[in-house]
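In what follows, a structure is listed as structure tokens, so that the remarks can point back to it.
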Number of protein chains: 2
Amino acid sequence: MSESAPRRRSRASAGLPPITADKIIDAAVELTAQHGLDGWSIRQISTKLDVWPGVVAHHVGDREAVVMAVTDRVIARIPVPDVSVPWRDWFSALMLEGRTVLRQYPGVARRLVVVGPNVPSALPTIDKGIKVLLGAGFGEHATEIYRYLLNSAFMLVAVEDDRDSYFPNARADMGRAMARFAADTSRPGLAAAGAQAVARSEDPERLAAEDLAFFRLTMERSLDGAQALLSA
Amino acid sequence: MSESAPRRRSRASAGLPPITADKIIDAAVELTAQHGLDGWSIRQISTKLDVWPGVVAHHVGDREAVVMAVTDRVIARIPVPDVSVPWRDWFSALMLEGRTVLRQYPGVARRLVVVGPNVPSALPTIDKGIKVLLGAGFGEHATEIYRYLLNSAFMLVAVEDDRDSYFPNARADMGRAMARFAADTSRPGLAAAGAQAVARSEDPERLAAEDLAFFRLTMERSLDGAQALLSA
DNA sequence: ACCTGAACACCGTTCAAGT
DNA sequence: ACCTGAACACCGTTCAAGT
């Protein structure tokens with residue numbers, strides 16, 4: 001895992017092209033896809049580019065700056081629906097497509113939710129989303145409802161990321177923990193949850209399908225929750 | 001910050017009581033209140049207890065084990081409403097009181113949401129919560145609605161934690177970033193959000209009040225979203 | 001059983017010196 | 001301007017040796 005010695009003589013004298021901020025961020029994005037946003041080090045990036053660690057600081061900045069640059073790149077990949085789409089469909093589409101992009105880069109969803117409009121590539125989406133809600137009649141609530149809806153969806157993606165990137169056995173442990181209570185008549189609430197946990201397989205493909213189903217449930221409940229404000 | 005040399009001669013020969021797992025976890029809980037769950041190191045715990053780092057591993061296990069022990073302790077402090085309370089009130093109370101406890105221990109909310117029923121002290125709450133939902137007529141949806149409601153509330157607490165523990169200026173940066181768009185007529189969505197950001201003060205007390213208001217909005221919208229399932 | 005004391009393999013950041 | 005090469009102050013974990 002170390003590969004400690006980068007290269008012998010200077011890049012320039014070896015006829016190699018200079019490192020750029022862009023190349024560093026490319027490498028970081030790739031490492032994020034493989035290991036998540038908290039799964040790589042500055043030193044791994046520098047090893048990958050065959051330079052000394054200090055070079056990353058020189059071109060991009062500290063770790064935080066690299067992370068924000070990766071986040072901006074990934075957010076830019078999320079397709080934004082057209083403003084003519086009805087509000088519920090607009091948000092469903094953004095949430096579902098956002099999820100498939102974000103899930104490929106574990107840890108980015110969390111950053112997005114935490115730093116929000118500090119990510120430049122998120123601005124067009126924010127603009128259109130609020131416009132759509134204003135058009136749907138949410139009035140003064142448009143901004144906070146936008147925040148509520150996107151939080152609901154992408155906070156859940158962040159949890160999905162954490163579950164299988166950072167604590168890979170949390171998923172199975174939880175299932176087994178619950179299944180133990182299936183026959184516990186003294187605790188009917190746990191028993192109900194346990195019964196469903198028993199039915200749940202440990203096949204990763206089925207688990208992924210269940211994650212998607214729960215994501216859709218969250219989406220629909222949150223959209224209903226927002227809609228209740230319109231009827232009031 | 002280092003204080004690298006713990007103590008001269010052995011604890012036993014100095015007449016000191018032996019370190020226990022409990023004392024280690026006490027120290028970790030205290031450090032979590034001060035610096036958050038990701039804000040302390042095993043070495044800081046050992047310095048605080050005046051022993052060598054290896055002692056923590058000997059009594060509790062690796063960092064992950066210490067973190068789970070802290071999480072369990074903190075969750076146990078959240079008061080659980082009586083099952084006789086109507087479902088909406090039951091969940092409002094749990095969410096609001098859970099928030100005030102969790103906010104005192106930054107980072108614990110995230111763990112709770114990610115590992116869920118793997119935290120032993122969460123089990124009685126899960127049991128009662130599902131019982132309450134079954135009683136309210138949610139039937140087969142009780143388990144997933146429980147998960148949906150608690151996720152909504154505590155994922156948001158996790159984001160609040162991250163915002164001011166880990167990225168202390170994200171809050172102010174976001175406000176300023178949005179305020180810039182208040183007069184941007186070419187982007188009406190951002191302008192609407194910007195106008196509200198301008199109105200927002202940078203006084204920490206007012207910001208805290210606004211965080212609470214948004215938390216309540218999230219709570220009410222999610223409860224409405226769940227309720228929509230009952231009417232259907 | 002409990003703890004010391006050290007070693008190991010990592011981190012991110014900084015910076016003088018070379019080219 | 002760009003990069004080398006090293007140093008600094010940290011990490012978590014492991015483990016032989018002492019008591």
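A note on names: the letters A, B, ... follow the listed sequences, proteins ahead of strands, and every chain is numbered from 1.
Under 4.0 angstrom from either OP1 or OP2 of dC3(D) there lies at least one side-chain N or O belonging to H59(A). A sub-4.0 Å separation between OP1 or OP2 of dC11(D) and a side-chain N or O of Q44(B) is present. Residue W52(A) places at least one side-chain N or O closer than 4.0 Å to OP1 or OP2 of dG5(D). Put simply, S10(B) has no side-chain N or O that comes within less than 4.0 Å of OP1 or OP2 on dT4(C). Look at S41(B) and you'll find a side-chain N or O under 4.0 angstrom from OP1 or OP2 of dC11(D).
When the nucleotides dG12(D), dT14(D), dT13(C) are ranked by their closest atom to the side chain of P53(A), dT13(C) comes out on top.
Cation-pi geometry between R99(A) and F154(A) is not satisfied (NZ or CZ under 6.0 Å from the ring centre, within 45° of the ring normal). Under the 6.0 Å distance and 45° angle rule, R43(A) does not count as a cation-pi partner of W52(A).
Distance alone, capped at 3.5 Å, is enough to place a donor-acceptor pair between the R11(B) side chain and the P17(B) backbone. Not one N or O on the side chain of D72(A) forms a donor-acceptor pair closer than 3.5 Å with the backbone of V119(A).
Nearest-nucleotide mapping onto DNA chain C: of E64(A) and A12(B), the residue sitting toward the 5' end is A12(B). Each of W40(A) and P17(B) has a nearest nucleotide on DNA chain C; the 5'-most of these lies closest to P17(B).
The CZ-C1' distance, from R63(A) to dC10(D), rounds to 16 Å in whole Å. If you take CG of D22(B) and P of dC2(C), they are 14 Å apart, rounded to a whole angstrom. In this structure, I19(A) places its CD1 atom 11 Å from P of dC2(D), rounding to the nearest Å. Rounded to a whole Å, the NE2 atom of H58(B) is 6 Å from the C1' atom of dC2(C). Atom CG of L31(A) and atom C1' of dC11(C) are 15 Å apart (whole Å). For the pair D38(B) CG and dC11(D) C1', the interatomic distance rounds to 14 Å; values are reported in whole Å. Counting to the nearest Å, the P atom of dT13(C) and the CD1 atom of I24(A) are 13 Å from each other. The distance between atom NZ of K23(A) and atom P of dC3(D), rounded to the nearest whole Å, is 9 Å.
Residue R43(A) is classed as a base contact, given a heavy-atom separation below 4.0 Å to a base. Using a 4.0 Å heavy-atom cutoff across all strands shown, R11(A) reaches sugar-phosphate atoms only and no base atom.
Base pairing annotation: dT14(C) forms a Watson-Crick or G-U wobble pair with dA6(D), both donor-acceptor distances under 3.5 Å. dT19(D): Watson-Crick or G-U partner is dA1(C), with both key distances under 3.5 Å.
Residues D22(A) and T20(A) have side chains that never bring a donor and an acceptor to within less than 3.5 angstrom of each other.
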